[in-house]
Colleague: 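Please read through the structure below; I'll follow up with questions.
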Amino acid sequence: MKETDYRQAYEQEHLKCADLAARIADLEAKNEELEWKLGRIKNNPLWKAAKPVRNGMHWAIRQKDRIRNCGGPRGVIHKIGYKKREREAMKQFGTASFPAPEQAAVERGTVFPRMVKISILVPLWNNRREFQIEMLDSVMNQTYGNWELCLADGSDEAHSYIGEICREYAARADGRIVYRHLEKNGGIAGNTNACLEMATGEFIGLFDQDDILHPSVLYEYVKAINEQNADYLYCDETTFRSGNIDHMLTMHFKPDFAPDNLRANNYICHFSVFARTLLDGKELFRTRFDGSQDHDMILRLTDNAQKIVHVPRLMYYWRSHPGSTASNIEAKPYAIEAAKGAVAEHLRKHGYEHFKIESTRAFETIFRIRYQIIGTPKISVIIANKDHAEDLCRCVTSILEKSTYDNYEIIIVENNSSTKEIEEYYSRILGFEYRQALEKCGKESEQTRDTDPVLRSGDGRISIAVYRGDFNYSAINNLGVKYASGEYVLLLNNDTEVITVNWMEELLMYAQREDVGAVGAKLYYGDKTIQHAGVVLGLGAHRTAGHSHYRQHRQNLGYMGRLCYAQDVSAVTGACLLVRKEQYLSVGGLDKSFAVSLNDVDFCLKLREKGLLNVFTPFAELFHYESASRGLDDKGERAQRYNRESERFREKWKKVLEAGDPYYNLNFSLDRSDFSLKVQNS
């Protein structure tokens with residue numbers, strides 16, 4: 001019988017493969033035909049003549065998209081306010097942040113235990129004269145003096161002035177500038193590797209020919225090397241225009257090292273400095289990843305690093321001009337495919353197979369990664385409930401009708417409900433009379449001394465576990481997990497509703513990883529504004545924890561596109577949290593001393609203590625009609641209880657809170673959830 005089933009399954013898969021192969025052939029033929037038609041259009045003189053009109057039309061479309069991404073007029077107003085605060089903050093991050101003469105003298109006179117030599121590599125090719133001079137000046141002005149500037153020049157004869165300028169600077173740099181004109185331009189990868197051949201430092205720094213360094217950046221890096229034994233370092237950065245670093249376009253304040261962020265988005269970018277030993281005898285840049293050679297390099301070197309340190313200061317100025325990636329990724333379209341290739345190789349190195357990498361609406365080089373789900377492990381969905389039959393029905397119905405993943409069970413933990421409506425609903429989903437079954441179960445439990453009876457539907461898909469005590473969210477969910485038969489447990493509020501049909505798969509693809517603890521979804525209020533997109537420690541009036549991007553519109557891209565890719569966070573909400581049951585039990589589940597609030601954040605921090613990552617994914621989406629079933633904690637006894645639990649949380653995690661959230665840059669204000677910058681008092 002087994003052999004017959006096996007052959008039948010093989011034949012079915014064979015037919016599927018044949019069908020897919022035929023579809024691929026059809027698509028390739030259509031693609032070839034479309035490319036031919038496209039080429040004919042582009043070569044038409046009228047098409048070429050209409051370029052100014054098309055550019056104007058595309059500009060208008062981009063503005064429309066920007067308004068849509070803000071979420072409409074209200075979002076635009078919020079964006080204007082944000083930009084106003086950002087412009088005010090910009091005043092403190094340009095030349096105003098440069099060290100005063102007294103501070104510069106202190107930095108120059110500092111003698112560290114390890115006065116490491118940093119070789120800065122700059123590949124040159126047909127650079128503009130003024131860019132070349134400004135780049136060289138920013139190195140010469142460094143307050144830390146043990147550096148070496150390695151310049152490999154692939155410029156043509158028309159740009160021979162570059163060599164002249166470099167030799168002039170080398171003459172007054174006390175041997176710290178090494179210049180070499182290459183016989184042939186090797187591109188960014190080839191020219192940078194030529195720079196590396198000249199380097200003698202124990203640390204390597206990567207610097208673009210048209211950019212500018214903060215005078216104190218090497219000082220701060222060497223300080224971190226000495227204090228934290230760092231072997232890979234990076235800082236915050238900004239793009240600027242008009243040849244003036246105070247004319248900033250976009251400031252990028254980065255999180256500390258976050259592997260999921262880096263896979264989806266090369267957020268580290270500039271200014272990377274690393275121990276030469278991390279190269280392990282291998283080339284720095286690989287030519288097959290030209291255009292995204294830095295993303296490939298960063299993925300490889302951070303894999304090898306023992307201590308990756310982010311210096312949370314804006315210390316790299318990335319010039320935006322026509323032809324630069326900072327100006328427009330379309331100037332280098334090959335960079336997109338190169339970046340996908342670099343991420344794919346990195347994932348294969350880590351043992352992942354059958355993944356898919358797609359560009360997102362945020363940016364072409366910000367990726368959505370779909371991991372293969374191994375097997376079909378069972379997920380136990382735990383839902384705490386008291387009355388509110390309508391909310392619970394909506395939640396359970398959305399799971400049953402919308403979920404494409406089918407190996408799950410639903411465990412409703414009943415807590416002192418009293419309405420007739422909820423009893424009728426329980427009876428309907430169980431397939432038998434709830435009250436009678438509960439009374440029978442209660443008599444049996446007296447004999448077995450089990451005070452928490454469990455009722456199961458005929459197909460075993462839905463269970464109701466009865467919790468007799470006063471409301472305690474932690475204890476209620478712990479009871480549900482006690483009866484869970486799944487390998488994974490999914491804590492879910494009863495006032496949620498599924499939006500994306502593959503929500504379980506999107507959560508599971510991360511939760512199945514050995515390095516991941518909890519995984520959270522993107523949750524919306526009924527008006528499609530964001531309720532949860534990851535939790536930030538210290539955010540909010542109580543300085544405990546708060547939700548980032550709170551109340552932003554669903555279409556918003558988020559800070560630097562962060563609402564468009566899966567990323568590492570300190571915590572996710574327990575309103576929708578998936579975790580391996582083994583991990584849940586290993587940290588003692590939810591702490592019952594946090595009866596109502598902060599139990600989910602506390603739980604995630606316990607997982608983080610074990611060295612596990614907590615991940616937020618925007619690709620699992622649900623509505624969360626927050627507090628519909630329990631009410632708000634802003635008045636009376638509830639407010640007092642929240643204050644007590646907040647105080648307990650601050651005391652328990654005092655050191656963690658003092659250190660700050662590693663995934664939320666310390667330059668951001670903790671008074672707002674929209675990544676607004678702190679503005680220093682003038």
Side-chain angles (χ1 to χ4, degrees), residues 379-432 434-435 455-467 471 473 476-477 480 484 486 489-508 519-533 547 551 553-554 572-578 596 600 617-632:
I379 297 174
S380 297
V381 183
I382 313 296
I383 304 174
N385 187 70
K386 181 181 187 298
D387 297 318
H388 291 272
E390 183 178 348
D391 290 327
L392 182 63
C393 178
R394 179 181 58 211
C395 174
V396 173
T397 300
S398 73
I399 297 171
L400 296 173
E401 293 184 353
K402 293 184 179 180
S403 301
T404 54
Y405 194 80
D406 58 5
N407 191 17
Y408 65 87
E409 64 175 350
I410 298 173
I411 300 175
I412 300 167
V413 187
E414 152 62 26
N415 177 220
N416 299 322
S417 293
S418 58
T419 65
K420 180 181 179 181
E421 289 80 8
I422 194 64
E423 288 191 11
E424 291 177 348
Y425 179 68
Y426 286 159
S427 298
R428 189 162 73 248
I429 60 176
L430 288 172
F432 51 80
Y434 167 74
R435 175 56 57 185
L455 305 175
R456 293 185 172 84
S457 62
D459 61 3
R461 173 59 65 90
I462 298 177
S463 301
I464 298 177
V466 180
Y467 177 81
F471 180 81
Y473 183 83
I476 290 170
N477 279 281
V489 293
L490 200 169
L491 308 186
L492 189 67
N493 275 24
N494 64 348
D495 53 358
T496 58
E497 180 182 6
V498 174
I499 297 174
T500 50
V501 295
N502 63 334
W503 67 295
M504 287 194 197
E505 292 95 327
E506 291 291 346
L507 297 170
L508 182 59
V519 187
K522 190 177 182 184
L523 306 180
Y524 304 100
Y525 288 110
D527 62 0
K528 296 185 179 179
T529 59
I530 294 171
Q531 186 270 329
H532 171 263
H547 295 186
R551 281 291 188 183
H553 193 271
R554 184 180 185 183
V572 295
T573 179
C576 181
L577 182 157
L578 182 67
V596 178
D600 46 5
T617 174
F619 303 114
E621 298 176 290
L622 297 88
F623 285 116
H624 181 200
Y625 308 99
E626 187 184 31
S627 303
S629 59
R630 187 178 52 82
L632 298 172

Colleague: Strictly distance-based, threshold 3.5 Å: is any side-chain N or O of T500 a donor or acceptor partner for the main-chain N or O of N502?
Modeller: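 Here the side-chain-to-backbone pair does not exist.
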
Colleague: Given E414, which partner from the list Y434, Y467, Y426 fulfils the side-chain hydrogen bond (donor to acceptor under 3.5 Å, both in side chains) test?
Modeller: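 Only one of Y434, Y467, Y426 forms a side-chain hydrogen bond (donor to acceptor under 3.5 Å, both in side chains) with E414, namely Y426.
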
Colleague: Using atom types as modelled and distance alone, determine if a side-chain donor or acceptor of T404 lies under 3.5 Å from a backbone N or O of V501.
Modeller: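 Between the backbone of V501 and the side chain of T404 there is a qualifying donor-acceptor contact (under 3.5 Å).
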
Colleague: Indicate yes or no: does R551 engage D527 in a salt bridge with an N to O separation below 4.0 Å.
Modeller: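 Salt bridge flag = yes for D527 with R551.
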
Colleague: Determine yes or no for a side-chain-to-main-chain donor-acceptor pair under 3.5 angstrom, with S398 supplying the side chain and V498 the backbone.
Modeller: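 The answer is yes, because a donor-acceptor pair under 3.5 Å joins these two groups.
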
Colleague: What's the spacing between I412 CD1 and Y425 OH if we round to 0.5 Å?
Modeller: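 I412 CD1 to Y425 OH: 6.0 Å, rounded to 0.5 Å.
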
Colleague: Could you list the residues that satisfy salt bridge (Lys or Arg N to Asp or Glu O under 4.0 Å) with R435, not counting sequence neighbours?
Modeller: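 In terms of salt bridge (Lys or Arg N to Asp or Glu O under 4.0 Å), with neighbours along the sequence ignored, R435 is linked to E423.
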
Colleague: On a heavy-atom basis, which atom in I383 and which in C395 lie closest, and how many Å separate them?
Modeller: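 Shortest heavy-atom separation between I383 and C395 comes out as CD1-SG, 4.0 Å.
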
Colleague: Do any N or O atoms from the side chain of N494 and from the backbone of T496 form a donor-acceptor pair under 3.5 angstrom?
Modeller: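 Answer holds: no.
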
Colleague: Look at atom CD of E424 and say whether more than 12 heavy atoms of other residues, nucleotides or ligands are closer to it than 6.0 Å.
Modeller: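 Buried by this count: over 12 neighbours within 6.0 Å.
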
Colleague: In Å, rounded to the nearest 0.5 Å, how long is the span from CZ of F623 to CG of L523?
Modeller: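 If I round to the nearest 0.5 Å, the distance is 11.0 Å.
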
Colleague: Looking only at non-hydrogen atoms, find the nearest pair between A620 and E506 and report the distance.
Modeller: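 The answer is CB-CB, 3.9 Å.
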
Colleague: Does the S403 side chain pair with the main chain of Y405, one donor and one acceptor, at a distance under 3.5 Å?
Modeller: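 Checked: no pair found.
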
Colleague: Should V413 and I464 count as side-chain neighbours, where that means a heavy-atom distance under 4.5 Å?
Modeller: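 Counting from C-beta outward, V413 and I464 never come under 4.5 Å.
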
Colleague: Do you know which two heavy atoms are closest between D387 and T419, and how far apart they sit?
Modeller: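 What the structure gives for the nearest pair is OD1-N, 3.1 Å.
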
Colleague: Checking E409 now: which residues fulfil salt bridge (Lys or Arg N to Asp or Glu O under 4.0 Å) with it, not counting sequence neighbours?
Modeller: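 For E409, the residues satisfying salt bridge (Lys or Arg N to Asp or Glu O under 4.0 Å) (neighbours in sequence not counted) are K378.
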
Colleague: Do D495 and H388 get their side chains close enough for a donor-acceptor pair, meaning under 3.5 Å?
Modeller: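 Judged by distance alone, the side chains do not pair up.
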
Colleague: Would you say the side-chain atoms of D459 pair up with the backbone N or O of R461, donor to acceptor, closer than 3.5 Å?
Modeller: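 Pair found, side chain donor or acceptor close to backbone of R461.
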
Colleague: Which heavy atom of A484 sits nearest a heavy atom of I382, and at what distance?
Modeller: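 For A484 versus I382, the nearest heavy atoms are CB-CD1, 4.4 Å.
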
Colleague: Check whether any side-chain N or O of H532 sits under 3.5 Å from a backbone N or O of A521 as a donor-acceptor pair, and report yes or no.
Modeller: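 Yes: the side chain of H532 pairs with the backbone of A521.
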
Colleague: Has the side chain of N415 got a donor or acceptor atom that lies under 3.5 Å from a matching backbone atom of V466?
Modeller: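 Looks like no, no N/O pair under 3.5 Å.
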
Colleague: At what distance, to the nearest 0.5 angstrom, does CG of L622 lie from SG of C576?
Modeller: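 It comes to 5.0 Å.
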
Colleague: Can you confirm whether E497 sits close enough to K402 that some side-chain heavy atom of one is under 4.5 Å from a side-chain heavy atom of the other?
Modeller: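 A side-chain contact under 4.5 Å exists here.
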
Colleague: Locate the shortest heavy-atom distance separating R554 from K522; write the atom from each residue and the value.
Modeller: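 Distance-wise, the nearest heavy atoms are O-NZ, 3.8 Å.
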
Colleague: What is the distance from atom CG of L490 to atom CE of M504, rounded to the nearest 0.5 Å?
Modeller: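 Here the interatomic distance stands at 6.5 Å.
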
Colleague: Out of curiosity, L578 CG to S380 OG, how far, rounded to the nearest 0.5 Å?
Modeller: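 So the gap between those two atoms works out to 10.0 Å.
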
Colleague: Between S463 (side chain) and I411 (backbone), is there a donor-acceptor pair under 3.5 Å?
Modeller: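 A pair under 3.5 Å: no.
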
Colleague: Would you say S457's side chain and L430's backbone share a donor-acceptor pair under 3.5 angstrom?
Modeller: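 Not at all, since once roles are kept as given, no pair shorter than 3.5 Å links the two residues.
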
